[in-house]
Amino acid sequence: MSSQRFILQNKGGFLPQMLKYGSRAEQTYFSPTHPAKRVHTHPVLRCTCTGESRRSHYITTPIFYVNASPHIGHVYSAVTADCLHRYKLMQGFSARFATGTDEHGLKIQQAASAAGKEPLHFCTEVSGRFRDVFTSCNIAYTDFVRTTEDRHRRAVEHFWATLVDKGSIYKGTYEGWYSTPDESFLTPGQVTESTDSTGREIRISTESGHKVEWMKEDNYLFRLSDFRTSLQEWLRSNPRAIQPEKFYHLVLQWLESELPDLSVSRQRSRLQWGIPVPGDPEQTIYVWLDALVNYLTVAGYPENYSQWWSVVHHVVGKDILKFHAIYWPAFLLAAELPLPRGIYVHSHWTVRGKKMSKSLGNVVDPVESSQRFTVDGLRYFLLRQGVPDTDCDYDDDKVVKLCNSELADSLGGLLNRCTAPSLNPEQVYPPFCNISFPEDSSGRAVSDDYKMVEAVSELPALMKRYVDNLQMYKALEAISACVRLTNSFVQRHAPWKLDRTDAKDKLWHDTILHVCMECLRIYGILLQPAVPAVADKILSRIGVRPDERSWDNTLDFLSKYQGGCSPYEGRALGPDTGVLYSRIEKNRPNPKKNVKIDTDILRKNKL
Ligand SMILES: Nc1ncnc2c1ncn2[C@@H]1O[C@H](COP(=O)(O)OP(=O)(O)OP(=O)(O)O)[C@@H](O)[C@H]1O
C-alpha cells in the first residue's frame, strides 16, 4: 500500500495534513501518526498533494517577549525544542528550528519608556540578551526572528490582507475586560474581584492574577465564532495534535463554550508600538496576531513557505495554550493555510510553588546556573526533571543531586571503568568473544547479563516512543536505568579480579569491556540531543567517529554477539582522558544566591 501526503481542504479552509491510503474514491483518511486508525470521512473534502518530503521537520519555540531578561523557564522551552530538533537531525530529517523575540505591544512600550530608551533600541538590547543566553546554553537554532524585522512586517501585512479578503475581519466596537500584562481579552467568567495594595477594589484575571480593565473602543474584530466547529473537527480528527493529552482535552473543553469574536487591533492613540493596520493608520495590529505570524515568517511566507509550513510543530508553555490551540488555528483556517502538525505543551517551573516569572521577579538566571552546573548539567536537569504534564519546582540542590548521581557517578563511572589504563592498558576498543558470551548460556555470561543486553537493544525504540510523545524525561530515565544495569554488569563480573595473563580470562575480560563500550556507544548516541557535550565526550573517548553517531548506528548494537562484525573492535581510544562530569559541591556557592526575588513585586502581588 503506498502512502502520499495530502492536504484536505473543505469549504471553510484547510484541514490538517493527513495520509491517504488506498483509492481516492474511498475518501477515507488516516492520521499520519496512527495510520492504522480511520479518523475522518468528509464528503466535501478536496485533496491537494503538497509534494512535501516526509523527512522534514520544522520546530518552533514561542517567540519571547522582550520586557525583561530571559530566565530558566524560557531556556526550558528552548532546550525542549533544541532537543527535538537535534533528535530529528540525528534521524536523518532535514530540520529547521526557529526561535526569536516578540517585540511589539503596550508592555514593551511601557518597559522602554521606564528604561528611558527608544522602543527599538530597548528591544535590540533585550533580544540580544535572549540570543546570548540561548547561545551560551548550546541552543542550536537555525532561525532567530524578531517581530520588528521588515520580513516579518511584510508577512503580517500579507496575512492581515488575506484575512480581510476572506471576510474574516470586520470593523466594530469591542467592549469587555482586557489584561495588559497578559495582552489578552477575558470573558466575565475569567475575571474575579480583588483588592490592590492600597485596599482599592480591582478586578483581576482568575488565571494569571493580573489586573484587568474595562475597555471600549472601535477596532477590527476577527470572526472567531465562525471557527468553533472547524476547530472541534480538527481536534477530533487529530487526537495527537496537542500533547500531552490533558491539554488536548482542555482545549476541547474550552471549545464547548461559544467563542466571542476577537478584537485584533488597538487604537493607535493607545498603542503606537506595533504594526499599523494596512490602510488604516489609526489602528495598530493586536500583538498576538502579529506575534503568531512569526512562525510563517520563518517558513518564508508569503512566498515559498509550503515546504516548511506543512511540517510545523510548536513547543509552547501552558500559559499560551489558548493562543496557539484556538486563536492561531482559527487564523490559519481563515487564511486557508494548513494547521500545525503538532502543539507540544509543557508546564511551568516554579520557585517555592510560584511560577517563575519575569513579572514576579522570582527568576533563576540560566547563565549563572550553567556556569555552576555546566551547560549540559543544566540541560540534563531540565529535561530529566521537567514533566510536561505538571509544574516542577526548581531547586539548586535537586540539580546537584541529579547531576552528581547520574552524570558524574553512574555514566562517568562507567566510562572511567572501561577506559582507565588500569583496566584497559592497551587503550583500545577490545574484542568480543562469542565463546565467553554466546547466545545460549554455555559461556560465562549469566541470565542478568542477557537481560541487560536485551534492555539496551530495546532502548532506541523506547526512546523514540518517548521523545515522539514529548516525554524526554522518560527517555532519559530509561537511559539512566540501562546505565545502572551496565554498571551492575561490571560489578557482577569484577574484571579487575581477572587474570589477564590467562588466555580464557583475558578473552572474558575483553568481552566485558567490549559489551560496556557497546552500551556506552548507544548511550552516547541517544544522549546527543539532550546533552551534546557530554555525549561527544563519551563517543570521542571510545573512538566513535562523528560519521558513526546517527540513529542508524544504534541498530548494530553488539553486532558480534549476533554473529556480525564490529567496525569498532581494536580501535584506539580517543585522547581525552578527563573526567566526563565533575561532581558538584553541595551548598557552595549559596544555593539561593541565583534565585532573584524582587520583594517589592512579591508584596505588590500579595505573595
Ligand atoms: N516558569 C516557566 N516555566 C516554563 N516555561 C516558562 C516559564 N516562564 C516562561 N516560560 C516559557 O516562556 C514563554 C514566554 O513567557 P513570558 O515571556 O510570558 O515569560 P514570563 O516570565 O511568564 O513573563 P511575564 O511574567 O512577563 O508574563 C512561555 O509561554 C513559556 O513557553
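Only this structure's heavy atoms are used, side chains among them; waters, hydrogens and symmetry mates stay out. Atoms within a ligand are numbered from 1 in the order they appear, just like the ligands themselves. When a residue number appears, it is its place in the shown sequence, counting from 1.
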Say whether His346 and ligand 1 are in contact under the criterion: heavy-atom distance to a ligand atom below 4.0 Å.
yes

Heavy atoms only, cut-off 4.0 Å: how does Ser347 contact ligand 1, side chain, backbone, both, or neither?
backbone

Give me the nearest non-hydrogen protein atom to atom 11 (C) of ligand 1 as residue plus atom name, then the distance to 0.1 Å.
Ser77 OG, 3.5 Å

Set out, in order, the CA-CA distance, both residues' side-chain angles and the distance that settles side-chain contact (heavy atoms from CB on, under 4.5 Å) for Val212 and Tyr178, then state yes or no.
CA-CA 5 Å; Val212 299; Tyr178 185 71; over 6 Å; no

Run down the list Thr80, Val316, Asp319 and name the one with the heavy atom closest to atom 28 (C) of ligand 1.
Asp319

List every atom of ligand 1 that sits less than 4.0 Å from any heavy atom of His348, numbering the atoms from 1 in the order shown and giving each element.
2 (C), 3 (N), 4 (C)

Quick one: nearest non-hydrogen protein atom to atom 23 (O) of ligand 1, plus distance?
Lys358 CE, 3.0 Å

Could you tell me whether Lys355 sits above the aromatic face of Trp349, with NZ or CZ closer than 6.0 angstrom to the six-membered ring centre and within 45 degrees of the axis?
no

Interfacing atoms of ligand 1 (cut-off 4.0 Å, heavy-atom, Lys107)
26 (O)

Main-chain N/O of Glu256 paired with Arg228 side-chain donor or acceptor, under 3.5 Å
yes

Would Arg131 pass as a cation-pi partner of Phe144, given that its NZ or CZ must be under 6.0 Å from the six-membered ring centre and within 45 degrees of the axis?
yes

If hydrogens are left out, which of Ser208, Gly317, Gly73 has an atom nearest to atom 6 (C) of ligand 1, that is, the closest non-hydrogen atom?
Gly73

I'd like to check which ligand 1 atoms, numbered from 1 as shown, lie under 4.0 Å from a non-hydrogen atom of Asn67.
26 (O)

Can the positive tip of Lys117 be found less than 6.0 Å from the middle of the six-membered ring of Phe122, inside 45° of the ring normal?
no

